[in-house]
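First the structure, in the form of structure tokens, and then the observations on it.
As a basis for the values below, the full set of heavy atoms in this structure was taken, side chains included, without hydrogen atoms, waters or symmetry mates.
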Amino acid sequence: MTYLLGIDGGGTGCRAALADLNGRILGIGKSGSANVMTDMDMARGNIMDATDAAFASAGIDKSHVGSLSAVLGLAGANVGDNAANLKASLPFKDALVLSDGLIALQGAIGNNDGTVVILGTGSLFIAREGDKVQFAGGWGFKVGDLGGGARLGRHLLEETLLAYDRFRPASELTQAVMQRYENNPHNIVRFAHAATPSDFGTLVPMIFDYAAVEDAVALAILQIAIDQIEQGLDTIMSARQTRLSLLGGLGPLYEKRLSARYQEKLQKPLNDALAGAVQLAVLNFASKSAEYIHV
């Protein structure tokens, strides 16, 4: 029998789903980071480890690996020659290497038209209408990633220092941030200088916690983020579309804060990104008319 493989790989880990030609998942495996832009060799190794684990989970001998038809949704795959270089190194019979955003889109909205916004440490907007897929954002928090956790955390530290210097009013949130850094602004500067996007993201729960008790600074930070998200939606989402899903760790936290015109279009994701990868494997390699993907 020929099997299909779906891969969902990013900076925090890689998941593989082994499926039959109807898309029924037989086994799932997990491994480490699979961001092909960060480390191509490591990503390939973890993809194969997750694949082996999926075979083991399904109770199927991994000697079938050479007959697999796979769709891989990977962080960094949309940059330069990363997708082509990885594909050339894989042992699968057929492989389609895509951005992880595309499998997230497919998982969330299935074969429907619609828009998703992935809101985690960073952010990415993706819309599909007919055979057209459009991306926006995802440029990294220093120059983009509006609404993402890294951007929120950096903004909070900026507001805290502005309050410390009395340029703007302090709040219970800015006072709590000062206490976190031992009431020493130099500690904030040192942290920010060395911080990764994920480090900035650790501050995000404070923003949402204090927003829940109407802290003025927290509410102002979130309102700026909401305005930016909706500006992105105004640009990328067709007026004809009626399906919108917010994905990622921050997606559900933003949902209730969107304006009414987008609230009415919100729908829970149909499936996750790994299911989306399997669906695309079926459409591209098991369907009689495999003309679905437009990259």
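Side-chain contact annotation: Thr115 with Gln241, donor-acceptor N/O pair under 3.5 Å present. Looking at Asn78 and Ser99, their side chains never bring a donor and an acceptor atom within 3.5 Å of each other. A donor-acceptor pair shorter than 3.5 Å can be found between the side chains of Gln223 and Asp227. For Gln106 and Asn271, the side-chain atoms include no donor-acceptor pair closer than 3.5 Å.
Atom-to-atom distance recorded for Gln231:CD and Phe125:CZ is 9.0 Å, nearest 0.5 angstrom. Note: Leu157 CG to Arg180 CZ = 8.5 Å, rounded to the nearest 0.5 Å. Here the CD1-NE2 distance, from Ile188 to His193, works out to 15.5 Å after rounding to the nearest 0.5 Å. Between the OG atom in Ser238 and the CD atom in Gln134 there is a gap of 10.0 Å [rounded to 0.5 Å]. Remark: Leu219 CG to Ile226 CD1 distance equals 11.5 Å, nearest 0.5 Å. One distance of note links CE of Met178 with OG1 of Thr160; it measures 8.0 Å at 0.5 Å rounding.
No donor-acceptor distance shorter than 3.5 angstrom exists from the side chain of Asp165 to the backbone of Leu162, with no hydrogens or angles considered. Listed for the Asp81 side chain is no donor-acceptor partner under 3.5 Å among the backbone atoms of Asn85. When atom types are taken as modelled, the side chain of Asn112 and the backbone of Ile109 share a donor-acceptor pair closer than 3.5 angstrom. With Asn46 contributing its side chain and Ser33 its backbone, the two residues share a donor-acceptor pair below 3.5 Å. The main-chain N or O of Ser259 is found under 3.5 Å from a side-chain atom of Glu230 such that the two form a donor-acceptor pair. When atom types are taken as modelled, the side chain of Lys87 and the backbone of Leu96 share no donor-acceptor pair closer than 3.5 angstrom. Using a distance-only test at 3.5 Å, with no hydrogens or angles considered, a donor-acceptor pair links the side chain of Asp215 to the main chain of Glu172. No donor-acceptor pair under 3.5 Å is formed between the side chain of Arg44 and the backbone N or O of Leu86. A side-chain donor-acceptor contact under 3.5 Å links Tyr254 to the backbone of Gly147.
Relative orientation of the Phe141 and Phe200 rings is tilted, given thresholds of 30° and 60° on the angle between their planes.
Leu102 and Met37 sit in two unconnected hydrophobic clusters of ILVMFWY residues. Membership requires side-chain heavy atoms under 4.5 Å apart, directly or through other members. Connection of Tyr262 to Leu146 is not established within any shared hydrophobic cluster, with ILVMFWY side chains joined at heavy-atom distances below 4.5 Å, either directly or through further cluster members. No continuous path of ILVMFWY side-chain contacts below 4.5 Å connects Leu4 to Ile28, so the two sit in separate hydrophobic clusters. The hydrophobic cluster containing Leu152 also contains Val117, counting ILVMFWY residues as joined when their side-chain heavy atoms lie under 4.5 angstrom apart, directly or transitively. Tracing side-chain contacts under 4.5 Å through hydrophobic residues (I, L, V, M, F, W, Y), one reaches Phe92 starting from Ile60; they form part of the same cluster.
Using a 4.5 Å heavy-atom threshold, the side chains of Leu173 and Asp209 count as separate. Between Leu5 and Leu72, the closest side-chain pair of non-hydrogen atoms is not below 4.5 Å. Side-chain contact check for Leu253 versus Leu119: every heavy-atom pair is 4.5 Å or farther apart. Using a 4.5 Å cut-off on side-chain heavy atoms (C-beta onward), Leu247 and Pro269 make contact. Using a 4.5 Å heavy-atom threshold, the side chains of Asn35 and Asp39 count as separate. Contact check for Leu21 versus Phe285: no side-chain heavy atoms found under the 4.5 Å cut-off. In this structure the side chain of Lys93 never reaches within 4.5 angstrom of the side chain of Leu68, judged on heavy atoms. Within the 4.5 Å cutoff, side-chain heavy atoms of Leu258 are placed close to those of Leu244.
Of all heavy-atom pairs between Leu105 and Gly114, the closest is CD1-O, 4.4 Å. Counting all heavy atoms, side chain and backbone alike, Pro205 lies closest to Thr202 at CD-O, 3.4 Å. A pairwise comparison of heavy atoms in Ile103 and Val71 identifies CG2-CG1, 4.3 Å as the closest pair. Taking every heavy atom of both residues into account, Ala218 and Ala211 meet most closely at CB-N, 3.5 Å. Leu203 approaches Gly153 most closely through the heavy-atom pair CD1-O, 3.6 Å. Among all heavy-atom pairs drawn from Ala53 and Gly29, the shortest one is CB-CA, 3.6 Å.
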Please report the C-alpha distance between Glu159 and Arg154 in whole Å, then the side-chain angles of each, then the deciding distance to 0.1 Å, and finally whether the salt bridge (charged side-chain N to carboxylate O under 4.0 Å, His left out) criterion is met. CA-CA 9 Å; Glu159 291 298 323; Arg154 192 211 63 80; over 6 Å; no
CA sep, side-chain torsions, deciding dist, call: Thr51, Phe55, side-chain contact (heavy atoms from CB on, under 4.5 Å): CA-CA 6 Å; Thr51 300; Phe55 271 113; 3.9 Å; yes
What's the verdict on side-chain contact (heavy atoms from CB on, under 4.5 Å) for Gln263 and Glu255, showing C-alpha distance, side-chain angles and the deciding distance? CA-CA 7 Å; Gln263 286 271 354; Glu255 287 182 350; 5.7 Å; no
Please evaluate residues Asp49 and Ser31 with respect to the criterion side chain to side chain donor-acceptor pair (under 3.5 Å), reporting the C-alpha separation (whole Å), side-chain torsions for both, the decisive distance (0.1 Å), and the verdict. CA-CA 6 Å; Asp49 287 346; Ser31 64; 5.6 Å; no
Using salt bridge (charged side-chain N to carboxylate O under 4.0 Å, His left out), reason through Lys62 and Asp52 one step at a time and then give a plain yes or no. CA-CA 6 Å; Lys62 66 180 183 180; Asp52 289 348; 3.7 Å; yes
After noting the C-alpha distance and the side-chain angles of Asn22 and Val282, does the key distance pass the side-chain contact (heavy atoms from CB on, under 4.5 Å) rule? CA-CA 7 Å; Asn22 294 315; Val282 172; over 6 Å; no
Begin with the C-alpha distance, continue with both residues' side-chain angles, and end with the deciding distance and a verdict on side-chain contact (heavy atoms from CB on, under 4.5 Å) for Arg243 and Asp113. CA-CA 7 Å; Arg243 181 182 290 271; Asp113 289 347; over 6 Å; no
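When the salt bridge (Lys or Arg N to Asp or Glu O under 4.0 Å) test is applied to Asp272, the partners found at least two apart in sequence or on another chain are Arg15.
A 6.0 Å sphere centred on CE of Met42 holds no more than 12 heavy atoms belonging to other residues, nucleotides or ligands. No more than 12 heavy-atom neighbours from other residues, nucleotides or ligands sit within 6.0 angstrom of CZ on Arg168. Heavy atoms from other residues, nucleotides or ligands lying under 6.0 Å from OH of Tyr164 number 12 at most.
Residues Arg261 and Asp234 are paired through a salt bridge, judged by an N-O separation under 4.0 Å between the basic side chain and the carboxylate.
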